[in-house]
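What follows is one structure encoded as structure tokens, with my remarks underneath.
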Amino acid sequence: MRDTWVEVDLDAVAANVARLREWAGSELMAVVKADAYGHGAVPVARTALEAGAGWLGVATAAEALSLRAAGIGAPILVLGLVPDGELADLRAAAVAVTAAGVRSLGPKSPGPPLKVHVKVDTGMGRIGVLPERAAALVEAVAGRADLSWEGIFTHFAAADTDPEFTALQTHRFEAVVADLRARGLSCPWVHARNSAAILSGQGTGNLARAGIALYGLDPGGAPGRAQKLRPALAWKCRVAQARWVPAGTSVSYGRTFVADRPVRLLTLPVGYADGYRREWGGRAHVLVRGRRVPVVGRVTMDQTMAAAPAGFEVEAGEEVVLLGRQGDQTVDARELAALSGTIHYEIVTGIRHRVERVYRS
Ligand SMILES: *Cc1c(COP(=O)(O)O)cnc(C)c1O
């Protein structure tokens, strides 16, 4: 194995599932798209199902089919729209798809019906049918023998920051569901809540879709509950080379860092091709021997340098935490995200497959 790896604590995932089910007070869908936000879709999916999640959510047909190929038989919903050419495989694998219109469901076909969840766009402005057209779409789906209507859902745009708008989206969605019931159309699954809505007690339905909180990361909007989540991922490496360099030594491309005194230069075997982002050069910290040590000079494709202070004889082979906890120090995904002007979702999903995932439980 390379000297950089990601450790995923599956017990933390299981504990988060239990919390989320309790807070949601409903069935839970574990959202494992994008390789479970970088944590590894198959081990996370298995753990979440064992811990009580009833559903899995993914973004693409390929993600759904790879879960099936791993022997996972639980209900799966593809949350994105899939091209016509991928529907036959999903139908055969009993994977549910999202519909935003009848045209997105392909031509009529024989065989077992394709499971469909109708997506209503109540304010996300991404995919879905507008509320006033939802009933017509549901009637079209429910009226086709080759389709099986099993759910209706919506997605919140700002459950972490805007309770008023979330209440408006909830109201629009509930009105659609009530209208369907009045027309004699009721379906098993009604879902709206993402992680932020689950933690803050917003939204409605008998199923809730948790992504970021499943991994123990704070979705925002409910700090008290977020503190009870357990982060599942740590990214580590071993020092590849450690040596004293004299004052005046410049480090890495562009010579952006010049030592103003002797420093213990640590070369780490990780770079931007692993997802350790270039803009963290000169800004991020790593943890060594329980202390925060600055990253110096530019991050390169495969290697990054850090400078330990005098009196701190770190040796090659010592363990370094790039993201996670060591002793009483933490570098969390939010801290790194802030350095990049982005969100922690992008940091964990951005750790490349070149970095092996190892699992603890
Ligand atoms: C990604 C996604 C989720 C999960 O969102 P989190 O904020 O990570 O909980 C839920 N629903 C849909 C439709 C999504 O695309």
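One-based numbering, in listed order, for ligands and for the atoms of each. Treat the numbers as computed from the prediction; the structure is a model and nothing was measured.
- Every atom of ligand 1 with a heavy atom of I212 under 4.0 Å away is listed here by number and element: 6 (P), 8 (O), 9 (O).
- Using a 4.0 Å cut-off to heavy atoms of R209, the atoms of ligand 1 that qualify are 9 (O), 10 (C), 11 (N), 12 (C), 13 (C).
- Listed by first and then second residue, the side-chain hydrogen bond (donor to acceptor under 3.5 Å, both in side chains) pairs involving residues 49-72 amount to none (not counting sequence neighbours).
- The nearest heavy-atom contact from the protein to atom 7 (O) of ligand 1 is Y345 OH, 2.6 Å.
- Checked by atom type and distance alone, the side chain of T47 never pairs as donor or acceptor with a backbone atom of A14 at under 3.5 Å.
- Members clustered with V296: V245, V251, F257, V263, L265, M305, by chain and number, using a 4.5 Å side-chain heavy-atom cutoff among hydrophobic residues.
- In this structure, R126 is part of the shell of residues with a heavy atom less than 4.0 angstrom from ligand 1.
- Among L268, V321, V239, the single residue meeting the side chain to side chain contact (heavy atoms under 4.5 Å, CB included) criterion with V286 is L268.
- Residue, atom and distance of the protein heavy atom nearest to atom 4 (C) of ligand 1 are Y37 OH, 3.4 Å.
- Geometrically, ligand 1 and V31 share no nitrogen or oxygen pair separated by less than 3.5 Å.
- Of the possible polar contacts, one joining the R289 side chain to the E313 backbone as a donor-acceptor pair under 3.5 Å is found.
- Nearest to atom 9 (O) of ligand 1 among the protein's heavy atoms is S195 OG, 2.5 Å.
- Under a cut-off of 6.0 angstrom, the local environment of CZ in R133 is sparse, with at most 12 non-hydrogen atoms contributed by other residues, nucleotides or ligands.
- Using cut-offs of 30° and 60° for the angle between ring planes, the Y345 and Y37 rings count as tilted.
- Of all protein heavy atoms, the one closest to atom 15 (O) of ligand 1 is K33 NZ, 2.7 Å.
- Ranking the protein heavy atoms by distance from atom 13 (C) of ligand 1 puts H155 ND1, 3.7 Å first.
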